[in-house]
Asker: 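Dropping the structure in here first, questions after.
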Amino acid sequence: MALTFSLATLVLAAIALVRFEPGGDRYQLTESHAWISDFGVRYELGVDGIGVSLMALTALLIPFVIAAGWHDADPLETKSSRWRPTQGFFALILMVEAMVILSFEATDVFLFYILFEAMLIPVYFLIGGFGDRAHAGGDEAGATQRSYAAVKFLLYNLAGGLIMLAAVIGLFVQAGTFSLTEIAAARADGTLDMSTGMERWLFLGFFFAFAIKAPLWPVHTWLPNAMGEATAPVAVLITAVVDKVGTFAMLRFCLQLFPEASKWATPVVLVLALISIVYGALLAVGQRDIKRLIAYASISHFGFIIMGIFAMTSQGQSGATLYMINHGISTAALLLVAGFLISRRGSRLISDYGGVQKVAPVLAGTFLIGGLATLSLPGLAPFVSEFLVLVGTFSRYPVIGIIATIGIVLAALYVLVLYQRTMTGPVNESVRHMPDLKLRELAVVTPLIALLLFLGVYPKPLTDIVNPAVEHTMSDVHKSDPKPEVEAAP
């Protein structure tokens with residue numbers, strides 16, 4: 001039933017994507033209804049090119065998450081893990097999907113805030129109640145670690161949400177409305193004259209919550225715990241779906257509502273993004289746990305996304321948006337194959353593997369493609385987005401762009417070393433009889449790999465939708481691309 005409803009949602013998302021006109025109004029497929037009239041809150045929806053693309057990504061990934069986690073909620077007989085009702089597991093996944101898709105559509109700031117916070121509850125239960133069974137310390141230790149990871153995830157994000165709530169109230173006091181379109185129009189025509197100090201404080205309130213969700217260094221530490229203790233499909237749900245709300249909101253709310261404060265904060269945000277890129281990649285190199293390695297790699301990738309957003313160039317922001325989509329697909333492919341691998345061996349430790357490609361060549365091959373996409377190999381989708389982010393950053397902040405390339409080198413190191421230690425070399429006795437991917441697992445991975453290849457050689461369908469929305473965002477912050485210092489010869 002869950003798979004059926006997720007496929008129906010995918011069909012509706014595809015229809016919305018087809019109906020969306022890239023050259024039309026900024027917000028399309030709009031809907032507005034009175035909700036909490038006494039406070040001026042409306043159920044107001046609309047999508048731009050960035051929102052509709054991320055909505056489609058979410059609807060695309062959820063059926064794969066459900067199919068990959070088909071047996072993840074099967075009942076356990078162990079004392080500490082009795083509570084694993086299958087219906088609850090899949091219901092929570094569908095709840096997360098609903099909250100995330102509505103977050104990409106909400107054009108009422110208060111409605112967005114409610115959705116931004118409400119999605120934490122089902123994710124909390126997915127981590128704490130349906131965590132990974134492959135724990136080196138045994139079932140009791142695993143239950144303790146899952147509870148710790150779930151609580152840490154919730155506390156970090158609730159802290160950011162409470163600060164954001166204060167900023168949302170402050171914005172309403174200043175503007176007299178929660179409507180994103182009305183506030184943006186008032187800022188553009190000068191009827192809403194916000195003081196510099198107030199704008200900066202409100203920006204910081206919004207940005208702090210989005211930085212935690214993203215996650216950005218130094219408020220990133222919840223992610224490795226959450227991804228490590230969650231099952232692989234739930235880890236995909238967290239990093240490929242939920243975390244995108246944070247980076248998306250930076251584009252929709254921070255830059256659109258607080259353009260001057262966004263430019264004021266740009267140098268600091270770029271430095272934090274740069275630290276995330278290098279720091280995340282360095283920690284990924286030293287990981288012994290497969291899923292924590294992928295988690296730290298994701299922190300590095302989110303650093304690229306945030307760097308592209310705040311580079312304030314059309315190439316950077318287009319690349320950042322494409323990176324959100326391509327990272328979702330590539331991380332889903334790598335994490336799900338890693339989950340299939342871990343479920344066979346019952347261990348997340350890299351040292352417990354070796355020689356897998358000799359006994360399960362299809363599993364090893366799909367793992368390699370997912371890894372190569374993670375390191376942005378040319379010909380695979382993430383390369384296009386990473387290239388655009390670096391070009392856009394270098395054209396305005398060359399030093400930041402040059403240092404960020406360290407992340408590319410380190411990505412090649414942690415991905416290839418991971419593959420070498422798990423898939424090549426002598427066959428470890430514990431994997432000698434490991435079965436290869438089954439039909440259901442192939443049905444999950446093959447479409448993702450096909451998408452990585454298609455978007456790697458032909459990203460135009462996405463860029464045609466995204467670029468007009470990026471132009472609107474650049475106009476919001478009154479920025480234009482820097483002109484080349486050397487003019488072409490006549």
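Here the structure is a predicted model, which means the values were calculated and not measured.
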Asker: Got a second to check how far Phe89's CZ is from Leu94's CG, nearest 0.5 Å?
Answerer: 10.5 Å

Asker: May I ask you to decide if Arg292's main-chain N or O and Asp289's side chain share a donor-acceptor pair within less than 3.5 Å?
Answerer: yes

Asker: Heavy atoms, side chains only, cut-off 4.5 Å: are Thr9 and Ile62 in contact?
Answerer: no

Asker: Just wondering, do Phe383 and Leu377 contact through their side chains at under 4.5 Å, heavy atoms?
Answerer: no

Asker: Please confirm whether Phe112 and Phe206 have ring centers closer than 6.0 angstrom.
Answerer: no

Asker: How close do Leu452 and Pro382 get, heavy atom to heavy atom, and via which atoms?
Answerer: CD2-CD, 4.1 Å

Asker: Using modelled atom types only, decide if a donor and an acceptor are shared between the side chain of Glu97 and the backbone of Ile93 within a distance under 3.5 Å.
Answerer: no

Asker: So, Ser300 versus Tyr279: side-chain donor-acceptor pair below 3.5 Å or not?
Answerer: no

Asker: Please report whether the ring centroid of Tyr124 lies less than 6.0 Å from that of Phe153.
Answerer: no

Asker: Just by distance, do the side chain of Ser475 and the backbone of Glu471 share a donor-acceptor pair under 3.5 Å?
Answerer: no

Asker: In the structure I gave you, are the side-chain heavy atoms of Phe104 and Ile50 within less than 4.5 Å of one another anywhere?
Answerer: no

Asker: If only atom types and distance count, is the side chain of Asn326 paired as donor or acceptor with the main-chain N or O of Ala381 below 3.5 Å?
Answerer: yes

Asker: Indicate yes or no: does Arg348 engage Glu229 in a salt bridge with an N to O separation below 4.0 Å.
Answerer: yes

Asker: So, using side-chain contact (heavy atoms from CB on, under 4.5 Å) as the criterion, who are the partners of Lys438 when residues are at least two apart?
Answerer: Arg344, Glu441

Asker: Between the main-chain N or O of Leu363 and the side-chain N or O of Asp436, is there a donor-acceptor pair closer than 3.5 Å?
Answerer: yes

Asker: Please report the closest heavy-atom contact between Asp243 and Pro215, naming both atoms and the distance.
Answerer: OD2-CD, 3.8 Å

Asker: Looking at OG1 of Thr321 and CG of Asp48, how far apart are the two atoms once the value is rounded to the nearest 0.5 Å?
Answerer: 9.0 Å

Asker: Supply the atom-to-atom distance Leu451 CG to Leu60 CG, rounded to the nearest 0.5 angstrom.
Answerer: 6.0 Å

Asker: Quick check against the 3.5 Å criterion: does His301 have a side-chain atom that pairs as donor or acceptor with the backbone of Thr374?
Answerer: yes

Asker: Would you confirm whether Lys291, through its side chain, and Ala230, through its main-chain N or O, come within 3.5 Å as a donor-acceptor pair?
Answerer: yes

Asker: Side chains of Ser314 and Asn467: does their closest heavy-atom pair fall under 4.5 Å?
Answerer: no

Asker: Going by atom types alone, do Ser430 and Arg345 pair a side-chain donor with an acceptor below 3.5 Å?
Answerer: yes

Asker: Are any side-chain N or O atoms of Gln28 and backbone N or O atoms of Asp25, one a donor and one an acceptor, separated by less than 3.5 Å?
Answerer: yes

Asker: Side chains of Phe210 and Phe116: does their closest heavy-atom pair fall under 4.5 Å?
Answerer: yes

Asker: Just by modelled atom types, is the Leu455 backbone N or O under 3.5 Å from a matching donor or acceptor in the Lys460 side chain?
Answerer: no

Asker: Of all heavy-atom pairs between Thr366 and Leu437, which one has the smallest distance, and what is that distance?
Answerer: OG1-CD1, 3.7 Å

Asker: Can a donor-acceptor pair be found between the side chains of Glu386 and Tyr323 at a distance below 3.5 Å?
Answerer: yes

Asker: At their closest point, which heavy atom of Gly328 faces which heavy atom of Leu61, and how far apart are they?
Answerer: O-CD1, 3.9 Å

Asker: Kindly check if the number of other-residue, nucleotide or ligand heavy atoms within 6.0 Å of CZ (Arg421) is above 12?
Answerer: no

Asker: Nearest 0.5 Å, what's the CE-CZ distance between Met324 and Phe248?
Answerer: 8.5 Å

Asker: Starting at OG of Ser6, measure out to CD1 of Ile66 and round the result to the nearest 0.5 Å.
Answerer: 4.0 Å

Asker: Decide yes or no for Met55 and Leu17: does some side-chain heavy atom of the first lie under 4.5 Å from some side-chain heavy atom of the second?
Answerer: no

Asker: Could you check if a side-chain atom of Ile290 sits within less than 4.5 angstrom of a side-chain atom of Leu341, using non-hydrogen atoms only?
Answerer: yes

Asker: Looking only at non-hydrogen atoms, find the nearest pair between Ala184 and Leu257 and report the distance.
Answerer: N-CD2, 4.4 Å

Asker: Does a sphere of radius 6.0 Å around CZ in Arg432 hold more than 12 heavy atoms from other residues, nucleotides or ligands, not counting ones at 6.0 Å or beyond?
Answerer: yes

Asker: Please report whether the ring centroid of Phe253 lies less than 6.0 Å from that of Phe258.
Answerer: no

Asker: Consider side-chain contact (heavy atoms from CB on, under 4.5 Å). Of Leu223, Val242, Thr247, which one does Lys213 pass it with?
Answerer: Val242

Asker: Quick check: do Pro224 and Ile299 have side-chain heavy atoms less than 4.5 Å from each other?
Answerer: yes

Asker: Please give me the minimum heavy-atom distance between Ala404 and Leu390, naming the atom from each residue.
Answerer: CB-CD2, 4.0 Å

Asker: Going from CG on Leu380 to OG on Ser330, what distance comes out if it is rounded to the nearest 0.5 angstrom?
Answerer: 9.0 Å

Asker: Strictly by ring pair (Phe, Tyr, Trp, His ring centres under 6.0 Å), give each pair with a member in residues 416-452 just once, sequence neighbours left out.
Answerer: none

Asker: Pair His220, Phe302 - check ring-ring contact (aromatic ring centres under 6.0 Å, His included), show working.
Answerer: CA-CA 10 Å; His220 67 285; Phe302 276 103; over 10 Å; no

Asker: Is it true that atom CZ of Phe394 has more than 12 heavy atoms of other residues, nucleotides or ligands lying nearer than 6.0 Å?
Answerer: no

Asker: Between Arg440 (side chain) and Ala67 (backbone), is there a donor-acceptor pair under 3.5 Å?
Answerer: yes

